[in-house]
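Below, chain A is the first sequence line, B the second, and so on; all start at residue 1.
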Number of protein chains: 2
Amino acid sequence: MAIKSAPRPGGRSARVQAAVHKAVRDLQKEQGRDGLTVPAVASRAGVTPSTIYRRWGGLAQLLADVAVEQMRPDEPPADTGSFRGDLLAWLMQYFDEMSSTPGRAMLRDVLGTENHAGAGKCDGFIRQQIEAIRERALARGESPVPADSILSVVVAPLMYRILFADETPSANAIAALFEQCVTRT
Amino acid sequence: MAIKSAPRPGGRSARVQAAVHKAVRDLQKEQGRDGLTVPAVASRAGVTPSTIYRRWGGLAQLLADVAVEQMRPDEPPADTGSFRGDLLAWLMQYFDEMSSTPGRAMLRDVLGTENHAGAGKCDGFIRQQIEAIRERALARGESPVPADSILSVVVAPLMYRILFADETPSANAIAALFEQCVTRT
DNA sequence: GCTCCTAACGCAAAGTATTGGCTTTAGTGA
DNA sequence: TCACTAAAGCCAATACTTTGCGTTAGGAGC
């Protein structure tokens, strides 16, 4: 549940949000998910618990909000010189991250919330990165596979394996789906 | 987090579990997910809250346990006379259920829990139903598509759309993926 | 059928977390 | 600079969660 966009980047709301998010990330690193409570986060962030309850509603929604921000891509996909190279490299790093312990925790936090906004943003981030790769390919004169095909043929099956089958997709598994996608579409 | 299987089907453990599960289902129907607390469930089930905390650990795990049981198939897939017919009919009803409001809630409850057992069971239920359809097809002399293909080509993309894109797959969308699967595999 | 044994439950007392009412403050615009 | 508003702080009341300990139901051995 994202915040409406504070009045100004340097305003109090933004400062509080930043402090609370940082407190959550720090506490997760230091002591894992146990003992992570709203009062603990509030204390670490230097705010009162009621601030967090009022703004986020509770721990679950706060964790989802933090997780989404951590999933936001911090840089455009690496440029390897070709569509195939770019896409495969991005897939590898993305699913490596998502199948890690913290990655799975983020997915849980995001998907376990009643509010769907977080999951929608994840989908948006994925599409955004894929589109960036596709546009670069188009600029090179290549003819990249449609984004929806990549989502359906590669991303969705890998996500399913992480979420439902508790698998950690191997590089080979990722490459195999990738091949299906780029050859058959 | 399923219970170890009670000493006996008629034993006290089994009775308590049944009463608690029923209380959760009833309360969810009556008042939605708000106001659904451990004390409320305990009171409705005629047990003390500490029983629930000790056995399930908390509300989230209890909800996940109940959700998994509700996802358990209650009957084998309908027999329409052909592999294609059976599979398409099952897909339609399954994703109709999963994209409904209570279906989405079950998925949230199951995927939002730290313990992966619930999600693994969901995967198991899906495979079980698909295998039942495939075996019937084999008995008829048909040559059904491998279960893994169905999972990757049809189930995973539909699940992705429900979970991440907040879509409710149309009958056409399901049929289209189904065609891809049965024709290209 | 009787007795012993153990896992699971009830109860009640702490211990935490959450909520609501009201006050105070920071940031914005006149 | 002043007034206005949204958000935060503070504090008390309420609700939920955890824990220790006594009790009981169900199963095992005889």
Side-chain ion pair, [X] and [Y], N-O less than 4.0 Å:
{"X": "A:E30", "Y": "A:R44", "result": "yes"}
{"X": "A:R55", "Y": "A:D65", "result": "no"}
{"X": "A:R104", "Y": "B:E114", "result": "no"}
{"X": "B:R127", "Y": "B:D148", "result": "yes"}

(message) Suppose we call a contact any N or O donor and acceptor under 3.5 Å apart; does that hold for the side chain of A:S50 and the base of D:dC10?
(response) yes
(request) Answer with yes or no whether B:R54 presents, from its side chain, a donor or acceptor under 3.5 Å of a partner atom in the base of C:dG10. (result) yes
Rounded to whole Å, how long is the line connecting atom [atom1] of [X] with atom [atom2] of [N]?
{"X": "A:R55", "N": "D:dG9", "atom1": "CZ", "atom2": "P", "result": "10 Å"}
{"X": "B:Q17", "N": "C:dC9", "atom1": "CD", "atom2": "P", "result": "10 Å"}
{"X": "B:I52", "N": "D:dT19", "atom1": "CD1", "atom2": "C1'", "result": "17 Å"}

(request) Check DNA chain C against residues 29-42 of chain A and give the residues with a non-hydrogen atom under 4.0 Å, in numerical order. (result) A:T37, A:V38, A:P39
(message) My understanding is that only residues two or more places apart in sequence, or in another chain, count here; which of them pass ring-ring contact (aromatic ring centres under 6.0 Å, His included) with A:Y94?
(response) A:W90
(request) List for me each residue that meets ring-ring contact (aromatic ring centres under 6.0 Å, His included) alongside A:F95, sequence neighbours excluded, and say none if there are none. (result) none
(message) Measuring to OP1 and OP2 of C:dG10, would you say a side-chain N or O of B:T48 lies under 4.0 angstrom away?
(response) yes
(message) Checking contacts here: which listed nucleotide (C:dC9, D:dA25, C:dA26) is nearest the side-chain heavy atoms of B:R15?
(response) D:dA25
